[in-house]
Amino acid sequence: MRVFIVYAHPSADSFTREAKDSFIKGLESAGHSYVISDLYGMNFITDMSEAEYLREAYYRRDESVPADVVMEQEKINLCDAIVFIFPLFWSDAPAKMVGWFNRVWTYGFAYGEDRAMKHLEKGLVICCAGNTMEYFQKTGILSAIEKVMLEDRLYDRVKNRELLILDGTSRESPLRQQNRKKHLERAFSAGVSF
Ligand SMILES: Cc1cc2nc3c(=O)[nH]c(=O)nc-3n(C[C@H](O)[C@H](O)[C@H](O)COP(=O)(O)O)c2cc1C
């Protein structure tokens, strides 16, 4: 399978970067190919311009889509699957990734009639988080992430959707070291199983 990875973390000195590297090793070991958008690395613009807003809000398909957005859309349509890898910031993806959705999911591409976006086979969300799964279940935050990422952002654009939370991975948590090997193996296996 050809996989498009959308990755967002501001620092290479992070567990999320390690998880991304393990996932890629898994993909490669199973013979899959990939393209990656490292949103911080490429300094992807995440603020929507007024022209973009007017295009989306008024469904103006005739208004042009910015070149950097078209490039992301082309990467999607050249792949069979999409993977989002990010740290949880205030119970959501970093603004860098939320802004990617704001700009790349355009009218006529990701929504509206006659969508140009390819119907992808698989979508995986790998989210590194400081809190524990137990906490996410108890507070309803797990269900909120599932709803927003899988049911709203991916929705019927992707056939099979999955969420993998690598929990207890904040720097100050003793769980980070305890679970490190297990979590990196889970990321690797997720890559293999594409
Ligand atoms: C600004 C900020 C907000 C965060 N918000 C949350 C949060 O809402 N829930 C959570 O579980 N962890 C949160 N964390 C912890 C991160 O998800 C943490 O970065 C993650 O465990 C991955 O570690 P890494 O940054 O080394 O990749 C936050 C971290 C930062 C810097």
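Just so you know, ligand 1 is whichever comes first in the structure, and atom 1 is the first atom listed for that ligand.
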Among all protein heavy atoms, pick the one closest to [atom] and tell me residue, atom and distance.
atom	result
atom 11 (O) of ligand 1	N131 N, 2.9 Å
atom 19 (O) of ligand 1	P87 CB, 3.9 Å
atom 16 (C) of ligand 1	L88 O, 3.4 Å
atom 8 (O) of ligand 1	S91 N, 2.9 Å
atom 12 (N) of ligand 1	G130 N, 3.1 Å
atom 31 (C) of ligand 1	F89 CE2, 3.7 Å
atom 27 (O) of ligand 1	T16 OG1, 2.6 Å
atom 5 (N) of ligand 1	W90 N, 2.9 Å

Check: Is it true that atom CE of M71 has more than 12 heavy atoms of other residues, nucleotides or ligands lying nearer than 6.0 Å?
Finding: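 Count not over threshold, so no.
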- Task: Please check if atom CG in D13 has more than 12 non-hydrogen atoms from other residues, nucleotides or ligands closer than 6.0 Å.
- Result: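 For D13, atom CG is not crowded (no more than 12 foreign heavy atoms under 6.0 Å).
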Against heavy atoms of [X], which atoms of ligand 1 measure under 4.0 Å?
X	result
R176	23 (O), 24 (P), 26 (O)
F15	24 (P), 26 (O), 27 (O)
H9	24 (P), 25 (O), 27 (O)
T169	20 (C), 21 (O), 22 (C), 23 (O)
R171	26 (O)
C128	17 (O), 20 (C), 22 (C)
F136	11 (O)

Relative to ligand 1, is R17 under 4.0 angstrom through side chain, backbone, both or neither, heavy atoms considered?
->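 For R17, there is no contact with ligand 1 at all, from either part.
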* Answer yes or no on whether R61 is positioned over the face of Y107, meaning its NZ or CZ is under 6.0 Å from the six-membered ring centre and within 45° of the axis. =>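 Ring-cation test returns yes.
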Would you call E72 and R103 a salt bridge, taking side-chain N to carboxylate O under 4.0 Å as the test?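 No salt bridge links E72 with R103.
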- Task: Using the six-membered ring wherever Trp is involved, compare the ring planes of W105 and F109 and label them parallel, tilted or perpendicular (cut-offs 30° and 60°).
- Result: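 The arrangement is tilted - the two ring planes meet at 30° to 60°.
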Check your understanding: In terms of the angle between their ring planes, are Y59 and Y111 parallel, tilted or perpendicular, with boundaries placed at 30° and 60°?
Key ->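 Perpendicular: the ring planes of Y59 and Y111 meet at over 60°.
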- Query: For the rings on F23 and Y7, is their centre-to-centre separation under 6.0 Å?
  - Reply: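 Distance test on ring centres: not under 6.0 Å, no.
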Worksheet item: Any luck finding a side-chain donor-acceptor pair between S170 and E172 under 3.5 Å?
Response: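 Distance-only check passes for S170 and E172.
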Which atom pair, heavy atoms only, marks the closest approach of C79 to V3?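 Heavy-atom minimum between the residues: SG-C, 3.8 Å.
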Any donor-acceptor pair under 3.5 Å linking the side chain of E63 with the backbone of E52?
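No, the answer is negative, given that no donor and acceptor are paired below the 3.5 Å cut-off.
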